[in-house]
Amino acid sequence: MAIQTITWMSAFLCLAQVFSMPMPCQLQGQLVRTTHNLLRDMGGHFPLECLQENVFMAFPATSFATSGLSSGAAKAIYETLKNIDTLFGTDELPTMWDQQKLEYFQNIIYRQIEESECMMGSMSSVDTSDYPIRAEGLKTYFGNIAAVLKEKNFSYCAWEVVRKELLYTLEFILKHTSDSLLFSNRT
């Protein structure tokens with residue numbers, strides 16, 4: 001009986017130690033990839049009937065520029081996720097998209113924001129003096145995206161333009177700022 005009690009206590013203490021370990025305050029690369037893939041798959045290719053609605057929006061690549069420690073880029077990614085969440089916070093989402101994938105997409109965006117919120121405060125020891133410039137570029141970009149949605153009354157084609165822009169943004173993040181993302185070692 002004593003051995004069984006000691007075994008259970010040891011197991012409990014071991015689990016308590018594991019679950020009390022600090023989690024890294026970093027964006028999960030696999031979740032960013034999953035959001036990209038969901039957004040890509042929920043609507044298919046850009047519809048031909050929406051080509052005339054397609055508008056050019058200057059992408060703020062400099063907001064994601066990395067050098068040395070990439071905390072500024074990580075904060076830019078975090079702000080991007082918050083902006084995506086805001087765009088999809090409306091009740092006027094397209095009904096032609098796969099609703100299950102859309103809901104999953106929204107949940108993962110929210111999860112990423114919640115799990116990486118600590119980044120905004122934890123990087124105070126790292127030089128992020130260029131962050132206001134990055135933030136201004138993102139504010140302009142997402143302001144333009146929101147303006148297209150409003151201007152076109154949240155139409156299906158307006159949402160397709162938004163989806164195209166967000167796909168490019170997420171793809172850019174995955175290709176050019178992967179050092180700011182945490183990828184698990186599992187294959």
- request: Keeping to residues at least two apart or across chains, list the salt bridge (Lys or Arg N to Asp or Glu O under 4.0 Å) pairs with something in residues 102-113.
  value: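 Residue pairs passing salt bridge (Lys or Arg N to Asp or Glu O under 4.0 Å), neighbours aside: Arg111-Glu115.
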
Approximate separation, where rounding is to 0.5 Å, of [X] [atom1] and [Y] [atom2]:
X: Ile109; Y: Thr35; atom1: CD1; atom2: OG1; result: 4.5 Å
X: Lys75; Y: Thr80; atom1: NZ; atom2: OG1; result: 14.0 Å
X: Phe172; Y: Leu174; atom1: CZ; atom2: CG; result: 11.0 Å
X: Leu167; Y: Leu39; atom1: CG; atom2: CG; result: 4.0 Å
X: Leu38; Y: Leu31; atom1: CG; atom2: CG; result: 10.5 Å
X: Ile173; Y: His36; atom1: CD1; atom2: NE2; result: 10.5 Å

query: Who are the salt bridge (charged side-chain N to carboxylate O under 4.0 Å, His left out) partners of Arg40, not counting sequence neighbours?
result: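 If we apply the salt bridge (charged side-chain N to carboxylate O under 4.0 Å, His left out) test to Arg40, skipping adjacent residues, there are no hits.
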
- request: Please list, chain by chain and in numerical order, all residues satisfying salt bridge (charged side-chain N to carboxylate O under 4.0 Å, His left out) with Glu171, sequence neighbours excluded.
  value: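 Testing Glu171 for salt bridge (charged side-chain N to carboxylate O under 4.0 Å, His left out), a comparison that skips the adjacent residues, returns Lys175.
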
- request: Please examine the side chains of Leu81 and Asp85, heavy atoms only from C-beta on, and report whether any two atoms are closer than 4.5 Å.
  value: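 No, every pair of side-chain atoms sits at 4.5 Å or beyond.
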
query: With the 4.5 Å side-chain cut-off for hydrophobic clustering, are Tyr110 and Tyr78 part of the same group?
result: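 Different clusters: Tyr110 never reaches Tyr78 through Ile, Leu, Val, Met, Phe, Trp or Tyr contacts under 4.5 Å.
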
May I have the list of side-chain donor-acceptor pairs in residues 41-64 shorter than 3.5 Å, sequence neighbours left out?
residue, atom, partner, partner atom, Å
Glu53, OE1, Lys152, NZ, 3.2
Asn54, OD1, Lys164, NZ, 3.1
Ser63, OG, Arg134, O, 2.9

query: Within a radius of less than 6.0 Å around OH of Tyr156, do more than 12 heavy atoms belonging to other residues, nucleotides or ligands occur?
result: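 Atom OH in Tyr156 is crowded, with more than 12 foreign heavy atoms closer than 6.0 Å.
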
Would you list the atom pairs, donor with acceptor, under 3.5 Å between side chains in residues 87-99 and any protein atom, with sequence neighbours excluded?
residue, atom, partner, partner atom, Å
Thr90, OG1, Glu92, N, 3.2
Trp97, NE1, Glu160, OE2, 2.6
Asp98, OD1, Gln100, N, 3.0
Asp98, OD1, Lys101, N, 3.1
Gln99, NE2, Pro94, O, 3.0
Gln99, NE2, Trp97, O, 2.9

Side-chain donor/acceptor pairs under 3.5 Å, residues 135-150, sequence neighbours excluded:
residue, atom, partner, partner atom, Å
Thr140, OG1, Glu136, O, 3.1
Tyr141, OH, Glu165, O, 3.4
Tyr141, OH, Glu165, OE1, 2.7
Tyr141, OH, Thr169, OG1, 3.1
Asn144, ND2, Thr140, O, 3.4

